[in-house]
Amino acid sequence: MKKIVFFLLLSQTIVFAQSPDIKANNIKKHIEYLASDNLEGRGTGTEGGKKAAEYLVKQFKKIGLKPYGDKGSFLQEFPAKKGLPPNVSYVQAANVVGFLDNGSDKTIIIGAHYDHLGKGDQGSSLEANSVGSIHNGADDNASGTAGLIELAKYYAKNKIKEKHNFLFIGFSGEELGLIGSKYYADNATIDLKTVNCMLNMDMIGRYRDDKGLTIGGWGTSSFWGKEIPQLANNQSVKYNVDSAGIGPSDHTSFYLKNLPVMFFFTGAHQEYHKPSDDANLINYEGEAKVLALATSVIQKIEESPKLDFIQVANNPHAGNARSSFKVTMGIIPDYAYDKGGVRIDGVTKGRPAEKAGLQAGDVIMKLGENATTDVQEYMKALGKFEKGQTIDAEVKRGAEKVILKITF
């Protein structure tokens with residue numbers, strides 16, 4: 001491949017899209033280890049979480065990245081609050097940070113969180129009575145972590161000196177409320193003024209041709225809308241867009257530092273935040289396709305002037321919504337749905353939504369007096385309710401409007 005790239009410099013985008021360097025088998029190897037029972041769900045501050053960090057360090061060393069954490073190491077340690085009252089504790093967590101130095105004055109950050117829910121004791125499992133069960137998190141987010149490793153290898157080994165440096169970060173504490181990425185953004189080991197943009201990968205392992213890839217952060221730079229449509233078309237990648245820079249993953253922390261962000265996400269599913277999110281359900285060829293699109297987008301960034309940053313009008317608290325909720329409904333939203341309201345992909349048995357009679361395919365239009373025009377407004381509304389409270393939910397079911405009472 002490397003000889004072909006040099007021979008066809010004028011058509012690098014096409015070559016990158018067909019790159020044999022990002023192989024499904026390599027992705028599979030990483031995910032099968034990270035999502036194995038041996039790592040016990042990679043809970044923040046647990047032994048399994050530490051093993052996952054050690055695996056990332058080992059891979060970064062093997063690839064040849066420079067350690068860019070604290071004190072000359074790959075690790076950037078920080079305290080993380082976890083657990084549910086009255087069993088709240090602080091644990092030591094760590095981001096894993098590696099740098100590919102191309103001698104440039106500009107850098108692209110590529111990130112993915114490697115933590116998950118451990119044994120279901122962090123309070124965000126969607127499986128009833130699942131405390132003690134290992135939540136392997138193959139899609140969430142062993143898939144993104146595998147992508148992080150393979151992109152690092154791709155850029156370190158392609159024998160091309162890109163016009164950007166690359167900073168690769170494996171975040172911990174994401175499932176506790178984006179703690180690791182916020183800590184890094186506030187305590188960066190490079191000057192963030194040199195950063196051109198940030199690419200975040202979270203749940204990229206379940207690509208389906210009918211649903212496609214959701215690309216978040218679309219509105220944070222005019223560059224994305226100008227360049228990605230043709231690249232995706234060239235590679236037969238179906239996609240949906242989310243303009244917001246703020247969302248329930250780690251790109252939020254960098255958008256809040258006024259950086260253009262791009263977020264790759266292949267969608268929620270019935271195994272989300274359940275013990276059944278296992279490696280056998282990953283679409284490895286589909287993930288390789290997503291990563292190939294990432295390399296072609298980065299190639300276009302290489303060829304372009306510095307990206308502009310656009311501040312998107314959205315809810316400034318959405319990124320922290322998961323950590324501030326007092327109640328939950330127990331639904332899986334369809335993040336790609338953009339026709340108004342929040343479409344339900346799945347309903348968790350025994351939770352308020354299921355008890356109220358909500359079904360997959362329903363579109364939530366209103367919670368109480370709060371219009372839920374999209375997922376962000378839904379999260380904002382949910383944050384207003386208390387345990388024990390009963391509200392009316394306006395739901396569109398086909399052509400019919402249904403009012404259901406939900407008790408939290």
Side-chain angles (χ1 to χ4, degrees), residues 1-2 4-5 8 11-36 55-56 59-60 62-63 100 108 110-114 136-160 162 166 168 170 199-216 227-240 262-267 269 271 277-302 336:
M1 192 284 295
K2 300 172 185 67
I4 296 174
V5 170
L8 297 177
S11 59
Q12 280 183 337
T13 299
I14 297 174
V15 174
F16 282 5
Q18 300 172 343
S19 169
D21 280 356
I22 299 179
K23 298 178 180 177
N25 283 343
N26 290 338
I27 296 168
K28 184 177 182 181
K29 178 185 69 175
H30 300 311
I31 293 177
E32 286 185 338
Y33 174 74
L34 291 166
S36 66
Y55 184 79
L56 262 176
Q59 295 299 320
F60 282 4
K62 184 177 178 181
I63 290 165
L100 178 58
I108 294 172
I110 301 177
H113 76 91
Y114 66 86
N136 282 321
D139 190 26
D140 186 14
N141 187 35
S143 66
T145 306
L148 180 72
I149 295 168
E150 288 304 299
L151 287 179
K153 185 192 304 180
Y154 181 92
Y155 287 108
K157 303 297 184 182
N158 65 2
K159 297 184 180 178
I160 298 172
E162 277 82 15
F166 292 91
F168 298 95
L199 164 62
N200 179 38
M201 298 174 291
D202 195 346
M203 297 176 62
I204 59 169
R206 301 288 286 272
Y207 180 83
R208 286 169 37 184
D209 288 328
D210 59 333
K211 294 192 72 172
L213 171 71
T214 294
I215 303 176
E227 301 293 347
I228 293 179
Q230 187 60 55
L231 297 174
N233 183 63
N234 290 345
Q235 296 175 228
S236 301
V237 175
K238 180 181 177 181
Y239 68 94
N240 307 282
M262 179 171 57
F263 172 40
F264 279 5
F265 169 63
T266 55
H269 42 74
E271 291 74 38
D277 181 8
D278 287 323
N280 63 302
L281 299 175
I282 297 297
N283 177 0
Y284 295 102
E285 294 291 345
E287 177 162 343
K289 190 173 184 177
V290 169
L291 296 176
L293 177 62
T295 64
S296 64
V297 173
I298 289 171
Q299 176 58 27
K300 279 293 183 182
I301 295 172
E302 285 276 290

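Basis for what follows: all heavy atoms, side chains included, without hydrogens, waters or symmetry-related copies. Just so we're clear, the structure is a prediction, and the values are computed from it rather than from any experiment.
Under the side-chain contact (heavy atoms from CB on, under 4.5 Å) test applied with Phe166, the options Leu199, Ile298, Leu151 reduce to a single match, Ile298.
Applying the side chain to side chain donor-acceptor pair (under 3.5 Å) test to Asp210 and every residue at least two apart in sequence or in another chain returns Arg208. Contacts of Glu227 classified as salt bridge (charged side-chain N to carboxylate O under 4.0 Å, His left out), with partners at least two apart in sequence or in another chain: none. Considering only residues two or more places apart in sequence or on other chains, His30 meets the ring pair (Phe, Tyr, Trp, His ring centres under 6.0 Å) condition with Tyr55. Lys153 is linked by a side chain to side chain donor-acceptor pair (under 3.5 Å) to Glu150, counting only residues two or more places apart in sequence or in another chain. Partners of Phe60 according to the ring pair (Phe, Tyr, Trp, His ring centres under 6.0 Å) rule, which considers only residues two or more places apart in sequence or in another chain, do not exist here. Looking at residues two or more places apart in sequence or on another chain, you find a side chain to side chain donor-acceptor pair (under 3.5 Å) between Asn200 and Ser249, His251.
The nearest pair of heavy atoms linking Phe265 to Ile204 is N-CG2, 4.2 Å. When all heavy atoms of Gly170 and Leu56 are compared, the pair lying nearest together is CA-CD1, 3.9 Å. Nearest heavy-atom pair across Asp209 and Lys238 is O-CD, 3.3 Å. When every heavy atom of Ala138 is checked against every heavy atom of Ala279, the shortest pair comes out as CB-N, 3.4 Å. In terms of heavy-atom proximity, Thr145 sits nearest to His113 at OG1-O, 3.2 Å.
The OH atom of Tyr207 lies 15.5 Å from the CD1 atom of Ile282; values are rounded to the nearest 0.5 Å. Interatomic distance, CD1 of Ile301 versus CD1 of Ile108, reported as 4.5 Å (0.5 Å rounding). Annotation: the span from Leu291 atom CG to Ser296 atom OG amounts to 11.0 Å, rounded to 0.5 Å. Thr214 OG1 to Phe263 CZ: the interatomic distance, rounded to the nearest 0.5 Å, is 8.5 Å. To the nearest 0.5 Å, the span separating CD1 on Ile110 from OH on Tyr154 amounts to 11.0 Å. Here NZ of Lys211 is found 9.0 Å from OG1 of Thr266. Values are rounded to the nearest 0.5 Å.
No donor-acceptor distance shorter than 3.5 angstrom exists from the side chain of Asp140 to the backbone of Glu271, with no hydrogens or angles considered. Remark: side-chain polar atoms of Ser143 are not paired, donor with acceptor, to backbone N or O of Asp202 under 3.5 angstrom. The closest donor-acceptor contact from the side chain of Asn141 to the backbone of Met201 lies under 3.5 Å. For the pair Lys157 (side chain) and Ile63 (backbone), a donor-acceptor distance under 3.5 Å is present.
Inter-residue side-chain proximity for Val237 and Val290 is flagged as unmet; no heavy-atom pair is nearer than 4.5 Å.
Within a 6.0 Å sphere centred on NZ of Lys29, other residues, nucleotides and ligands contribute more than 12 heavy atoms.
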Does Leu293 form a side-chain contact (heavy atoms from CB on, under 4.5 Å) with Tyr239? I'd like the steps, not just the answer. CA-CA 11 Å; Leu293 177 62; Tyr239 68 94; over 6 Å; no

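Listed by first and then second residue, the side chain to side chain donor-acceptor pair (under 3.5 Å) pairs that reach into residues 278-290 are Asn136-Asp278, sequence neighbours excluded.
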